[in-house]
Each structure stands twice: as structure tokens, then as C-alpha cells.
Amino acid sequence: MFLFLILELASMAMLFRFNSYQGSVWYTAANAAVARVNGWYYGFFSYLNLESVNRGLTEENIRLQRESNALREALMTVTRDTTVTERLMLEHLRDFRLIPATVVSNTRSTGGSLLVIDKGAAEGIRPEMGVVGGGGVVGIVYLTGRHHSLVIPVTNSKSSISCRVRGQRYFGYLQWNGGDMMHAYVDDFPRYAKVKKGEAVETSGYSSVFPPGIFVGRISGIENSPDGQSYKLDIVLGTHFGNLRDVSVVATPYKAEIDTLKAHAHFEEE
């Protein structure tokens, strides 16, 4: 029996080796069988690794979803804040003439920033007019030439603008003490005023420069004053002075009348 099997195998080998047709049939069938076995082999081990692959894909999907949600929330926050700020500002300035201008110089020194805009006396700009941008208050016109004006922004140690927390009557003065161009502070804010981080700070209207309600920034921190009798509010400014370009000068229609009344009152005191 064993000898028969040996002879049978030898005859088949000779048949496939010395006959091209039978040899091609044999090699084709053998290759197909090997390919099928290899497919089973890789399919088996792929199945064994399927759990870890699915776990990796799930983790990657979760990570991408979190990033997408974070970006969506950030975009909604930026869009919402910008839209609300601009809308409220335009509402408060609807009775005022706005003179559009472009910042042509933005210099910094130890005392803070100084801006030069491309509009001056020829366009109706006068000293002590307020300047606003897309993010809210920018500063106050200090000097005017015929076609250019010098603006002292809120990021200057000489700036002092009357502000209030939105929805409250209490007010203080916005000032800048050097350092970060995105931060200023409101000092001597009453302790009995209920304020919290994130609340909006706006102009109070207690001057002839800005009407009430123009956005300034948001409260980022609340500290006690040195004497413990009031608060010092740290403010994140709404205007990004690093890339500030387009602004508007607020031509207050009642400024001359208000200044006349103040001058008259001062004369009476003397």
C-alpha cells in the first residue's frame, strides 16, 4: 500500500512536470488554494484584532467630536459677543453722527499707546470727542490737525473714562496701569454693589464724550481696594489694540451746550 502511494505520487509529479497543460492546471489550482488559505489566515487574525481596532476608532471619534464641539462653542461665543456688542453700540449711537476713520499709526511707550487717525479738523473732528471701534470704546481725541488726529486710547496712563457695570447705577473710572494692552481696571467701585466675573462694563454717560451703554469690556477679577472700603475691578477690554484699524469718531451734538453749562457753573463757584 505504501509503495503504491509512492508510485502514484511519482507518476503525478512526472505527469505535471513533463506535460505543460497538466502542469499549468496544477500550478493554477495550487496557487488558488494557497491564496484561499492565506485569505483565511489573515481574515482570522484580523478578526482577532477587530476589537482593538474598533476601540481605537471609537476613541478617535470621541476626540474629534470633543474638538468639534469646543470649536463650535468658541465660534458661537465670538460671534454672539461681536454681534451683541455692535448692535447695542449702534443703538446707543443712533442719534449721533459717526465719522469713520482709519488708524494710521499705533505707537507704544512707557505711558501706553498713542493712536493717529486719518481724519482731522477738516472732517469735523475736535478734541475731546470719543472714539469707538467694533469692540467698543477705543479712546478720546486729544489733538487735531487738518487731516489727522491724535487719540489717547484707554491703554494710556492719561486715560480716565467713567464706566459702570451693565444694569447697575454705580460707576467708577476706567484706568490703565501699564503692562498688558488687553487689561485695565476700575478703581473705587462700591462694595455694596453686587458684581461678578464675566459681567459687562460700559460707559456710564456721566460725561459729554460718550453716551451711556457703550461696551468697554468684561470683569475678569474682583479685588479689595487697599483701604478695604471699595472694590478694584480687573477688566478685559473689548477692543484689540494690537490689530486695531477701523474706528469711528463720535460727534456729540450736545457737547458744546454741556461744556457751556459746566463752565458757567464753575464761574458761579468762583
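Residues take their numbers from the sequence shown, with the count starting at 1.
Under a 3.5 Å cut-off, the side chain of Ser162 and the backbone N or O of Ser204 do not form any donor-acceptor pair. Of the possible polar contacts, one joining the Thr203 side chain to the Pro211 backbone as a donor-acceptor pair under 3.5 Å is found. Although no hydrogens or angles enter the test, the distance criterion places a donor-acceptor pair under 3.5 Å between the side chain of Lys119 and the main chain of Pro100. Judged purely by atom type and a 3.5 angstrom limit, Thr144 has no side-chain atom pairing as donor or acceptor with the backbone of Pro127. Put simply, the side chain of Gln168 gets close to the backbone of Lys194: a donor and an acceptor are under 3.5 Å apart. When atom types are taken as modelled, the side chain of Asn156 and the backbone of Ser113 share a donor-acceptor pair closer than 3.5 angstrom. The backbone N or O of Val141 lies less than 3.5 Å from no partner atom in the side chain of Ser149, so there is not a single donor-acceptor pair.
When every heavy atom of Asn106 is checked against every heavy atom of Phe241, the shortest pair comes out as ND2-O, 2.8 Å. Scanning all heavy atoms of the two residues, the minimum distance from Glu128 to Val209 falls at O-CG2, 3.5 Å. The minimum heavy-atom distance between Lys232 and Asn177, with the atom names listed, is NZ-ND2, 4.1 Å. Across every non-hydrogen atom of Tyr185 and Ile235, the tightest pair is CA-CG1, 4.2 Å.
Taking 4.0 Å as the cut-off between side-chain N and carboxylate O, Arg218 and Glu199 do not count as a salt-bridged pair.
Aromatic ring centres of Tyr192 and Tyr170 lie closer together than 6.0 Å.
Residues Asn224 and Arg191 have side chains that bring a donor and an acceptor to within less than 3.5 angstrom of each other.
In this structure, OG in Ser248 is found 9.5 Å from CD1 in Ile117, a value given to the nearest 0.5 Å. A distance of 12.5 Å separates SG in Cys163 from OH in Tyr206, rounded to the nearest 0.5 Å. The line from OG of Ser105 to CG of Leu115 is 8.0 Å long, rounded to the nearest 0.5 Å. Rounded to the nearest 0.5 angstrom, Arg169 CZ and Phe171 CZ are separated by 12.0 Å.
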